[in-house]
Amino acid sequence: MLNINYMINNLSEQEQIRRNSLEELIRMGINPFPAEEFPVTIDSEELIKKWQPDAGMYTDISIAGRIMSRRIMGSASFAEMQDSKGKIQIYVKRDEICTGEDKSLYNIVFKKLLDIGDIIGVRGEVFKTQTGEISIKVKELKLLCKSLRPLPIVKETTDEKGNKIIHDAFTDPEQRYRQRYLDLVVNPTVKDVFIQRTRLVDTMRSFLNERGYLEVETPILQPLYGGASARPFKTVHNTLDMTLYLRIANELYLKRLIVGGFDGVYEFSKDFRNEGMSRFHNPEFTQMELYVAYKDYNWMMNLVEEMVEKIAVTLHGDTKILCGEHIIDFKKPWKRYTMYSAIHEFTGIDISNMTEQELTETARKLKVHVETTMGKGKIIDEIFGEYCESKLIQPTFITDYPIEMSPLAKKHRSKTGLVERFEAICNAKEICNSFTELNDPLDQRMRFEEQLELGKRGDEEAMTLDEDFLRALEYGMPPTSGLGIGIDRLTMLMTNSVSIQDVIFFPQMRTER
RNA sequence: GAUUCCGUAGCUCAGCUGGUAGAGCAUUUCCCUUUUAAGGAAGAGGUCCUGGGUUCGAAUCCCAGCGGGAUCACCA
């Protein structure tokens, strides 16, 4: 037998006791980690929803889960069992599980050697207790997995008004994120957030598939990073002896596929940006990018409205959802502002014909932070960020951005100095970014060269020049509309989560200890 | 990266101007009827994040470090 008590000095009393129980179980011939299938016939949710008294229903069911609490009273006990759907009470009576002379399964195994956190399977009959709780009268009980560490104990009670009160909740953010498995076991609403995240992605995927767009995969390891302004993670391929970057966006590869002749492609992609972390930023995050040939950004705005409205309805049964103190209504159409008109609306100032000098003075007047290195576009963006973005709670499209900040977007068809770009802002945060894609290879080369200049001047986020991408454009890319939606951010909105760490199973953390 | 707050038992948290380390739940032992907030009784359990300093004496005050939260900056 394994020496399971090695390192015993480092174990807490409770861990030692559980290891002792484990040894005792093995001595009794009970395998604490059995391999064979345990046939589960029902889950707790279905059982509670469907069971009817006096109908002879569920007289022989089997169900498995984790023991979450126990109340032992002599020869009869109650315990709560938790499976993937919820909790169900079980009633364990000595003479029901030990029909013969040998009562050790109840007296020793159930009462002494099992613990909160152990995973068991039971077979029995559903009934209602005198206090009215649907429960399972256990006829057979089998240990499926012994738990060697004590679980955080969270108690839930209900007050007179029927509100749930949580006692001793497992709330320490560090422990919750580092040990997400515990968070999931102990805080049931956490699971709901992640189920909603998957439903959101599923809804988006079927929305796009219904329209005939093709889901594709493009490289995560790239010799040149591009498609966004950000600092990358760098790695090295040993055999090729080659520097590779983890992608910061998938834009340039997806556009190559449009060149290749696909009409619509999309990708759910993990992207990586080597930048600061906050409750809105994780170093790896998920985007959905979509490119559709022969469309423009006006068309894409309609698609975004429709898609996000559909997501809200699928997740909440309504276009209106609660977000912090606000009720946000995703019903289309959303409000639309050009960037200049938004600034005019919120500051009363018309900047549309200002020179860089006038803009700088205006920014100073508005007490917006400006630096001499900032170009016209950057100053406008600062004013917008300071005065408009924070006021935009309901979903709103902002269109027609300064050209300096959008090196991959096509010049506006009628407004000089601007590009055909929009962002959707909701709850004061950007949820998507889109443009009529730049498909003029000569203009694109010039824009890249401007980025190189910025890079030389020390802008670490400036884009690199991608010669192969330009070559692809020179063969000809049809007019195309592109979109990027931040899945984490959208999930935060849709699940009323305040931190990105609450919608990512394993957010990035410093090494423990 | 800057500012600020936090780190005490398995979990949630008290611990006052510096004087032997506390509670509830969990855990252990005993009693026990279909129990309901967590049945009753008794017990055990601590690197007070780490390292320095001040002091007769530090969980407490000071300094540094580690980890985390919040706000700001950068960004999506």
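Lettering follows sequence order; numbering is per chain, from 1. As a basis for the values below, the full set of heavy atoms in this structure was taken, side chains included, without hydrogen atoms, waters or symmetry mates.
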| Expressed as a whole number of Å, how far does the C1' atom of B/G53 sit from that of B/A44? | 36 Å
| request: Please state the C1' separation for the pair B/C11 and B/A26 - nearest whole angstrom. | output: 7 Å
| task | Give A/Lys378 one of three labels, base, sugar-phosphate or nothing, depending on what nucleic acid heavy atoms sit under 4.0 Å from its own. | result | sugar-phosphate
| query | In terms of side-chain heavy atoms of A/Asp115, which of B/U28, B/G68, B/A73 is nearest? | reply | B/U28
| query | Using the P atom in both, what is the distance from B/G22 to B/A9, to the nearest Å? | reply | 15 Å
| Taking CZ from A/Arg70 and C1' from B/U28, how many angstroms apart are they, rounded to a whole number? | 12 Å
| Nearest-angstrom distance from the residue atom CG of A/Leu114 to P of B/A26 | 17 Å
| query | So which nucleotide does B/A41 pair with, by the Watson-Crick or G-U wobble rule with both distances under 3.5 Å? | reply | B/U29
| query | Which residue, A/Gln501 or A/Ala230, contacts RNA chain B at a nucleotide closer to its 5' end, judged by nearest heavy atom? | reply | A/Gln501
| task | Answer yes or no on whether A/Arg180 is positioned over the face of A/Phe505, meaning its NZ or CZ is under 6.0 Å from the six-membered ring centre and within 45° of the axis. | result | no
| Which nucleotide in the list B/A26, B/G69, B/A73 gets nearest to the side chain of A/Ile116? | B/A26
| said: For A/Ala409, give me all partners under side chain to side chain contact (heavy atoms under 4.5 Å, CB included), at least two apart in sequence or on another chain. | reply: A/Ser406, A/Val419, A/Phe435
| query | Would A/Glu305 and A/Arg336 pass as an ion pair if we require N to O under 4.0 Å? | reply | yes
| note | note: A/Asn427, atom CG; B/A76, atom P; distance rounded to Å ~ 18 Å
| query | If we take the C1' atom in both B/U28 and B/U55, what is their distance in whole Å? | reply | 41 Å
| said: Distance check needed: B/A76 C1' versus A/Met405 CE, whole Å only. | reply: 13 Å
| field | Centroid distance under 5.5 Å and plane angle under 30°, A/Phe280 vs B/A76 | value | no
| request: Just say parallel, tilted or perpendicular for the rings of A/Phe272 and A/Phe233, cut-offs at 30° and 60°. | output: perpendicular
| said: Checking A/Ile108 now: which residues fulfil side chain to side chain contact (heavy atoms under 4.5 Å, CB included) with it, not counting sequence neighbours? | reply: A/Met28, A/Ser104, A/Leu113
| query | What integer number of Å spans the C1' atoms of B/G15 and B/C48? | reply | 10 Å
| request: Round to a whole Å and report the spacing from NZ of A/Lys111 to C1' of B/U28. | output: 15 Å
Kindly give the atom pairs (protein nitrogen or oxygen, nucleotide nitrogen or oxygen) under 3.5 Å for nucleotides 1-11 of chain B.
unit_1 : atom_1 : unit_2   : atom_2 : d
B/G10  : N9     : A/Gln14  : NE2    : 3.4
B/C11  : OP1    : A/Gln175 : OE1    : 3.4

| field | Euclidean distance for P, B/U8 against B/U3 (whole angstrom) | value | 24 Å
| field | Complement of B/U3, any strand, by Watson-Crick or G-U distances under 3.5 angstrom | value | B/A70
| Which part of the nucleic acid, if any, lies within reach of A/Asp381 when heavy atoms closer than 4.0 Å are counted: base, sugar-phosphate only, or nothing? | nothing
| said: With a 4.5 Å cut-off on side-chain heavy atoms, are A/Glu267 and A/Asn250 touching? | reply: yes
| SB check A/Arg447 A/Glu450 (cutoff 4.0 Å) | no
| If the P atom of B/G57 is compared with that of B/G1, how far apart are they to the nearest Å? | 38 Å
Expected rows: protein N/O vs nucleotides 33-36 of chain B N/O, under 3.5 Å:
unit_1 : atom_1 : unit_2   : atom_2 : d
B/U34  : O2'    : A/Gln130 : OE1    : 2.9
B/U34  : O2'    : A/Gln130 : NE2    : 3.4
B/U35  : OP2    : A/Gln130 : OE1    : 3.3
B/U35  : O2     : A/Arg71  : NE     : 2.8
B/U35  : O2     : A/Arg71  : NH2    : 3.1
B/U35  : N3     : A/Gln89  : OE1    : 3.3
B/U35  : N3     : A/Gln89  : NE2    : 3.4
B/U35  : O4     : A/Gln89  : NE2    : 2.4
B/U35  : O4     : A/Thr129 : OG1    : 3.2
B/U36  : N3     : A/Glu133 : OE1    : 3.0
B/U36  : O4     : A/Thr129 : OG1    : 3.4
B/U36  : O4     : A/Thr131 : OG1    : 2.7
B/U36  : O4     : A/Glu133 : OE1    : 3.4

| query | Watson-Crick or G-U wobble partner for B/A64, using a 3.5 Å limit on both distances? | reply | B/U50
| request: Not counting sequence neighbours, which residues clear side chain to side chain contact (heavy atoms under 4.5 Å, CB included) with A/Met509? List them please. | output: A/Glu174, A/Tyr177, A/Arg178, A/Gln501
| By side-chain hydrogen bond (donor to acceptor under 3.5 Å, both in side chains) - contacts of A/Glu437 (at least two apart) | A/Lys255
| Taking the same atom, P, in B/G24 and in B/A42, what whole-Å distance lies between them? | 11 Å
| request: Report yes or no: is the cationic atom of A/Lys137 (NZ for Lys, CZ for Arg) under 6.0 Å from the centre of the six-membered ring of A/Phe127, at an angle within 45° of the ring normal? | output: yes
| task | Decide whether a cation-pi geometry holds between A/Arg205 and A/Tyr266; the criteria are a distance under 6.0 Å from NZ or CZ to the six-membered ring centre and an angle within 45° of the ring axis. | result | no
| Which one is paired to B/G57, where only Watson-Crick or G-U wobble pairs with both distances under 3.5 angstrom count? | none
| note | From CG of A/Leu454 across to P of B/C74 the rounded distance in Å is 16 Å
| said: If I take atom CD in residue A/Gln508 and atom C1' in nucleotide B/G67, what distance separates them, rounded to the nearest angstrom? | reply: 15 Å
| request: Can you tell me the distance, in whole Å, between the CD atom of A/Glu430 and the P atom of B/C74? | output: 15 Å
| Presence of A/Arg279 side-chain N/O under 4.0 Å of B/U71 phosphate oxygens OP1/OP2 | yes
